Student: 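Okay, here's the structure, questions in a sec.
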Amino acid sequence: MNMDNLYDAQVNITSDCANAAVNEEYQSYLIDLALESEYVLEQYPDYCYVPIGQNFSILYFRGDTPFLGDSAYAYYNRIPKCYGLMSTRELEEIGVAKVQRFPQLALRGQGVLVGIIDTGITVTNPLFVFEDGSSKIAALWDQTDQTGEPPAEFSFGTEWIREKIDEALRRNPRSVPRDENGHGTYLAAIAAGREDEESGFSGVAPDSELVVVKLKQAKKYLREFYSIDEDIWACQEDDVMMAIRYIMRKAFLLQKPVSICIGLGTNLGGHKGTNNLARYISSSSLLSGVSFQIASGNEGISGHHYHGKMQEGENVQTVDFNVAENESGFIMELWGSAPAEFSVGLISPGGERVERIQLKLNEFRSIRFFPEETVLEIRSYPGEIISGDQVIRMNFRKPAAGTWRLIVYLNRDGNPDYDLWMPISNFIKEDTFFLNASSTETVTSPGDSVYGMTYVPYDVENDSLYIRASRGYTRDSRVKPDLAAPGVSVTIPSAMKGGREIVRSGSSVAAAFGTGISALIQEWAFVRFNDSTMTSQKMRFYLIQGAMRPGAFTYPNRDWGYGIVNLYDAFLAMRG
């Protein structure tokens, strides 16, 4: 079966597939056509198939149970991951205000799009309305609303184009989309909000236009699989990838460059940039006029990463971790590099011991602990499809509170290093952590993307990193984060009568600053015709050259990357 047959098959999709993305009866796979084209039609003749570019497609199929022991899930990356939120003096500190004031530059983002993929946007906020009353939002895809017309080439959600938004603002402002969470609205304000003279606030690129995707939340079967409570905001990987496709499509139709903000992250994966979303971002970053700015995560002191190394002659180690009271469940992953091979055993808080669990190729096993009533679902993925690494995924359901002991065995000589990760802080309780955790290699995915720009948050008051900031490098020793940007107690006005200021900290805030900065560089390069060859990697080079490097540190380093972003000095670097 070649890939042409797969595209031909799309024509035969039945009407039942129209709502597969939002219908809880359907589950989804992420398929890499370059690697798995034979698999798709052979295993699932009745399916809903949605290509999203860069060799990726989404496969929807009917299913009534979460991913368990079925051999169809043998490839680690097929199961969509769930992503959580990473949540004006600052403009002076990073050289933006100087660039806006400098006569030869005077950059404000005109002619550039800023893409926000998050919890949505409150359309009525004056920070997103031009002085003539028209909206800054060129297009908005609300994945959560199934009552209106979806975007072309998509089968769900409701699209709002500027004309529709402007008409609604005139006639019935209550009818336009809102951001109930506020996270996406906040990031949009930092990156592209208009000036608020009363408070002295301005977004980094106030004259830019916005293309926004309000992500729908993850389906119930994925929440069950990852043990994510219903009251926690979480989205699924395939929806984020479709959001990227939507924004890039809009940029192409409008013939404008776009700077895209990703303020989301996950701890699951090999931390090498091999997750599907990270690879999709890397491929898309190579397109002209497209750049991605990504949150590095807030996992530095969470205790959710453990790095182990077998010493010479050693073939077994123990790793202690604590589980909080009333923890509903979580996934823990062990990653090891070929040719080494690992296996695990467990000792529960009550002393019950499970000896070494030797799993065959793609074998699934379910183990119950008595009297704790904990269920462990475990699968080994030898040779994860992209990186070639071994993955042992351990799904703890109703884990007993207290100290657990994971016994790690080295079965075959080779690289003696291994890594363990728990979910991000948003998805598990604060008292669930490794007792001897490692703060390094805690940059979340897709912050480990090869070609995306990853930002770490710092405090402009004292030039110190955010206390919860994730630390690099990636597991394959690439420099991440790339740069630091403001991200501690950053204030925006509510811009609503009688409203209150909003203060947030975190790496998503830093990514929003980076998004606005990239938009200004794109304005200079493409809109003003100074450099039609500007790519995201070329932009990265100049931003690194212009970065400020505080303290007596060697750069790059695991904490600051290449230093604090400074747009004005980056332009000086461009001049040579």
Side-chain angles (χ1 to χ4, degrees), residues 85-88 90-91 96 108-110 112-130 134-144 159-162 165 169 176-196 199 201-215 233 235 240 243-244 246-247 250-251 256-264 291-295 455 457 485-487 490-496 499 501-520 522:
L85 304 175
M86 299 283 107
S87 359
T88 60
E90 288 81 5
L91 300 189
V96 170
R108 293 170 54 86
Q110 189 169 17
V112 178
L113 300 175
V114 164
I116 302 293
I117 299 171
D118 213 273
T119 63
I121 189 169
T122 298
V123 174
T124 54
N125 192 311
L127 292 176
F128 311 124
V129 179
F130 287 116
S134 62
S135 176
K136 276 176 61 73
I137 303 168
L140 187 159
W141 179 22
D142 185 350
Q143 294 184 352
T144 70
E159 183 178 37
W160 293 74
I161 58 175
R162 193 198 316 274
I165 293 172
L169 287 175
V176 296
R178 297 187 61 84
D179 175 10
E180 296 83 5
N181 181 287
H183 191 266
T185 297
Y186 180 93
L187 300 188
I190 293 291
R194 297 293 289 170
E195 293 94 341
D196 183 89
S199 66
F201 172 84
S202 173
V204 179
D207 287 354
S208 64
E209 299 170 88
L210 286 158
V211 179
V212 179
V213 178
K214 181 178 182 178
L215 294 166
W233 193 94
C235 62
V240 180
I244 291 172
Y246 171 80
I247 289 177
K250 284 298 175 184
K256 292 181 179 181
V258 62
S259 177
I260 301 174
C261 181
I262 307 289
L264 311 166
S291 66
F292 290 84
Q293 285 60 236
I294 310 169
Y455 282 88
V490 178
T491 303
I492 67 166
S494 70
M496 304 295 287
E501 293 180 331
I502 303 170
V503 182
R504 288 182 184 261
S505 299
S507 59
S508 58
V509 183
F513 275 101
T515 302
I517 285 172
S518 292
L520 298 185
Q522 289 175 325

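Hydrogens, waters and symmetry mates play no part in the numbers below; they use all other heavy atoms, side chains included. Computed from a prediction, not measured in an experiment: that's the story for all the values here.
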Student: Does K250 come within less than 4.0 Å of E209, counting only side-chain N to carboxylate O?
Tutor: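 No, this pair does not count.
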Student: So, does T119 use its side chain to make a donor-acceptor pair with the main chain of G184 at under 3.5 Å?
Tutor: yes
Student: As a test of understanding, state which of T122, T185, N125 forms a side chain to side chain donor-acceptor pair (under 3.5 Å) with D179.
Tutor: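 So, applying the side chain to side chain donor-acceptor pair (under 3.5 Å) to D179 and each of T122, T185, N125, only T185 qualifies.
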Student: Please check if atom CD in E159 has more than 12 non-hydrogen atoms from other residues, nucleotides or ligands closer than 6.0 Å.
Tutor: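 Yes, because the 6.0 Å sphere around CD of E159 holds more than 12 heavy atoms from other groups.
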Student: Between D118 and K214, is there a side-chain N and carboxylate O pair less than 4.0 Å apart?
Tutor: no
Student: Could you check if a side-chain atom of S508 sits within less than 4.5 angstrom of a side-chain atom of L187, using non-hydrogen atoms only?
Tutor: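 They are in side-chain contact.
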Student: Between V211 and Y246, is any pair of side-chain heavy atoms under 4.5 Å apart?
Tutor: yes
Student: Say you draw a straight line from CD1 of I161 to CG of L140; how long is it, rounded to the nearest 0.5 Å?
Tutor: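 One gets 12.0 Å once the value is rounded to the nearest 0.5 Å.
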Student: Hey, what do you get for OH (Y186) to CD1 (I502), rounding to the nearest 0.5 Å?
Tutor: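 Output value for this atom pair is 8.5 Å.
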Student: From S291 OG over to I260 CD1, what is the distance, rounded to the nearest 0.5 angstrom?
Tutor: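 Going from OG on S291 over to CD1 on I260, the span is 7.5 Å.
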Student: With no hydrogens and no angle check, is any side-chain donor or acceptor of R194 less than 3.5 Å from a backbone partner on P126?
Tutor: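 The answer is no, because no donor-acceptor pair under 3.5 Å joins these two groups.
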Student: Taking the side chain as every heavy atom from C-beta outward, state whether L127 and F201 have any atom pair closer than 4.5 Å.
Tutor: yes
Student: If you measure from CD1 on I262 to CD1 on I117, what distance do you get to the nearest 0.5 Å?
Tutor: 4.0 Å
Student: Find the distance between CD1 (I121) and CD1 (I137) and round it off to the nearest 0.5 Å.
Tutor: 4.0 Å
Student: Given side chain to side chain contact (heavy atoms under 4.5 Å, CB included), test I247 with W141 step by step and report yes or no.
Tutor: CA-CA 9 Å; I247 289 177; W141 179 22; over 6 Å; no
Student: For K136 and A205, work out which heavy atoms get closest and say how close.
Tutor: NZ-O, 4.1 Å
Student: Indicate yes or no for a side-chain donor-acceptor contact from Q522 to the backbone of V258 under 3.5 Å, with no hydrogens or angles considered.
Tutor: yes
Student: Grab the two heavy atoms, one from A251 and one from L113, that are nearest each other, plus how far apart they are.
Tutor: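 It is CA-CD1, 3.7 Å.
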Student: Between R162 and S135, which heavy-atom pair has the shortest distance, and what is it?
Tutor: NH1-O, 2.6 Å
Student: Please report the closest heavy-atom contact between P486 and F513, naming both atoms and the distance.
Tutor: O-CD1, 3.3 Å
Student: Can a donor-acceptor pair be found, under 3.5 Å and without considering hydrogens, that links the side chain of S259 to the backbone of T515?
Tutor: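 The answer is yes, because a donor-acceptor pair under 3.5 Å joins these two groups.
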Student: Specify the closest pair of heavy atoms between C261 and I116, including all atoms of both residues, with the distance to one decimal.
Tutor: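 That closest heavy-atom pairing would be CB-CD1, 3.9 Å.
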Student: So which atom in H183 and which in G263 form the shortest heavy-atom distance, rounded to 0.1 Å?
Tutor: CE1-O, 3.8 Å
Student: Would you call L85 and L264 a side-chain contact if the rule is heavy atoms closer than 4.5 Å?
Tutor: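 A side-chain contact under 4.5 Å exists here.
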